[in-house]
Number of protein chains: 2
Amino acid sequence: MRADAVRTRKQLLDAAAELFAEGGAEVSVAEIAERAGIGKGTVFRHFATKEDLIAAIVGDLLDDLVDAAEKRGSLREFMVYGVGRLADNRALCDVASGSVRHPDVQAGVERLNEAAQRLVDRAETREGVTGRDVVLLMTGVHQAAAPLRDAEPELWRRYLGFLLDGLLDTGSSAPHSRT
Amino acid sequence: MRADAVRTRKQLLDAAAELFAEGGAEVSVAEIAERAGIGKGTVFRHFATKEDLIAAIVGDLLDDLVDAAEKRGSLREFMVYGVGRLADNRALCDVASGSVRHPDVQAGVERLNEAAQRLVDRAETREGVTGRDVVLLMTGVHQAAAPLRDAEPELWRRYLGFLLDGLLDTGSSAPHSRT
DNA sequence: ACCTGAACACCGTTCAAGT
DNA sequence: ACCTGAACACCGTTCAAGT
């Protein structure tokens, strides 16, 4: 790849990362090209489709979450971190809502599921809970709180608390029995 | 309104209800017009924007949920019914995901929140839980399970179970304490 | 009064023409 | 090799022309 192309590509990725984070996948290719200071057609020289561009940006975000799963001590800490990331990046929300179905993204989610599974293995959860459950439920918590994102930006913490109380096995008492 | 216009409007609403239920808000006006057997322009004679048409369809769905909240005995039953409706109607999902922001829809959600509040008042939940929380959390449960809608269509029941265990106050033991 | 389809401004995508 | 903007097929929306 020629030096000028490397530079163009970086400008494109920087602009896309910023705009997708703020506005989600719905920001137009024209806007991204303008912000990057390049022609609209050039975007498609680097990425065959808009979806491919989104997948490249979102892939990095998912890798960051996998790192977090490996570095954070507990399942609880990971879930707090993960929902927090969902709350501040609209592109990640679009992945969570299933509107991005790119194979690279699916692979990234799969790696995240596996990393979450390793945390579940070391945690005291109710029986049958998998890493995949944890990842899906994180997105559910975020999306429940999302409509009030502006009015109550910390609402997801409360909802995550409810979920964790249903998910974690506290050991001492019998939290999941119904009288 | 002239008799032929009444007929046209009904054809339009029937087609829209069916297609939105299957495909969500993203089905095109052209598709709806074709299914209804009317011209594309005629759609905009009855509804100023596509959003207004969606709001009309979704309003009925929300009214049905309000009815359910009033007729179902318990909070738990209502939540099972509500998430079930979300699972089989894509238009309702689009409301839940916040991609429909029509004032009539917001008003419908508000009425649903109030109906849910009346169920909460009669239920044993943890402190501070509101009807609005219940409605939001129902959408969260659904959206968590949505990516596996085809592979595991009943997954939402399991996730709703997790949530209810965190939400309901079982009385006897101390389910929300952490040791 | 009511319906229609051609026309408009957008979108993602393609590609001939430029460097 | 790489970049560009005009051109294309879509979309929601408008409106002059028809009944």
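Per chain, numbering begins at 1; letters A, B, ... match sequence-line order. Note that the coordinates shown come from a computational prediction; the quantities given were computed from them, not determined experimentally.
Counting to the nearest Å, the C1' atom of D:dT14 and the CG atom of B:Asp52 are 15 Å from each other. The distance between atom CG of B:Asp4 and atom P of D:dG18, rounded to the nearest whole Å, is 20 Å. Between A:Arg45 atom CZ and D:dT4 atom P there is a gap of 11 Å when expressed in whole angstrom units. One atom, CD of A:Glu34, and another, P of D:dT4, lie 13 Å apart when rounded to the nearest Å. Rounded to whole Å, atom P of D:dA1 lies 17 Å from atom CZ of A:Arg9. With rounding to whole Å, A:Met1 atom CE is found 7 Å from D:dC2 atom P. If you measure from atom CD of B:Glu26 to atom P of D:dC11, you get 11 Å, rounded to the nearest angstrom. In this entry the distance linking CZ of A:Phe20 with P of C:dG12 reads 9 Å, nearest Å.
Not a single donor-acceptor pair under 3.5 Å links the side chain of A:Lys71 to the backbone N or O of A:Val66.
Taking 4.0 angstrom as the limit, A:Thr8 places a side-chain polar atom (N or O) nearer than this to OP1 or OP2 of D:dC3. Within the 4.0 Å cut-off from OP1 or OP2 of C:dC3, at least one side-chain nitrogen or oxygen of B:His46 is found. Look at B:Lys40 and you won't find any side-chain N or O under 4.0 angstrom from OP1 or OP2 of C:dG5.
Heavy-atom distances to DNA chain C give each of A:Phe44 and A:Arg2 a nearest nucleotide, and the one nearer the 5′ end belongs to A:Phe44. Of the two residues contacting DNA chain D, namely B:Ala30 and A:Val6, the nearest-nucleotide position lying further toward the 5' end is that of A:Val6.
The partner of C:dC10 cannot be assigned: no Watson-Crick or G-U wobble pair with both contacts below 3.5 Å exists in any strand. Partner assigned to C:dG5 is D:dC15, using Watson-Crick or G-U wobble distances below 3.5 angstrom.
Salt bridge status for A:Arg132 with B:Glu152: present, with a side-chain N to carboxylate O gap under 4.0 Å.
Under the 6.0 Å distance and 45° angle rule, B:Arg126 does not count as a cation-pi partner of A:Phe162.
Counting non-hydrogen atoms under 4.0 angstrom, A:Thr42 reaches a base of the nucleic acid.
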Next on the checklist: Walk me through whether B:Thr125 and B:Asp133 qualify under side chain to side chain contact (heavy atoms under 4.5 Å, CB included).
Outcome noted: CA-CA 11 Å; B:Thr125 65; B:Asp133 290 332; over 6 Å; no

Item to check | Trace of the side chain to side chain contact (heavy atoms under 4.5 Å, CB included) decision for A:Asp52 with A:Phe44 | outcome: CA-CA 10 Å; A:Asp52 286 334; A:Phe44 295 95; over 6 Å; no

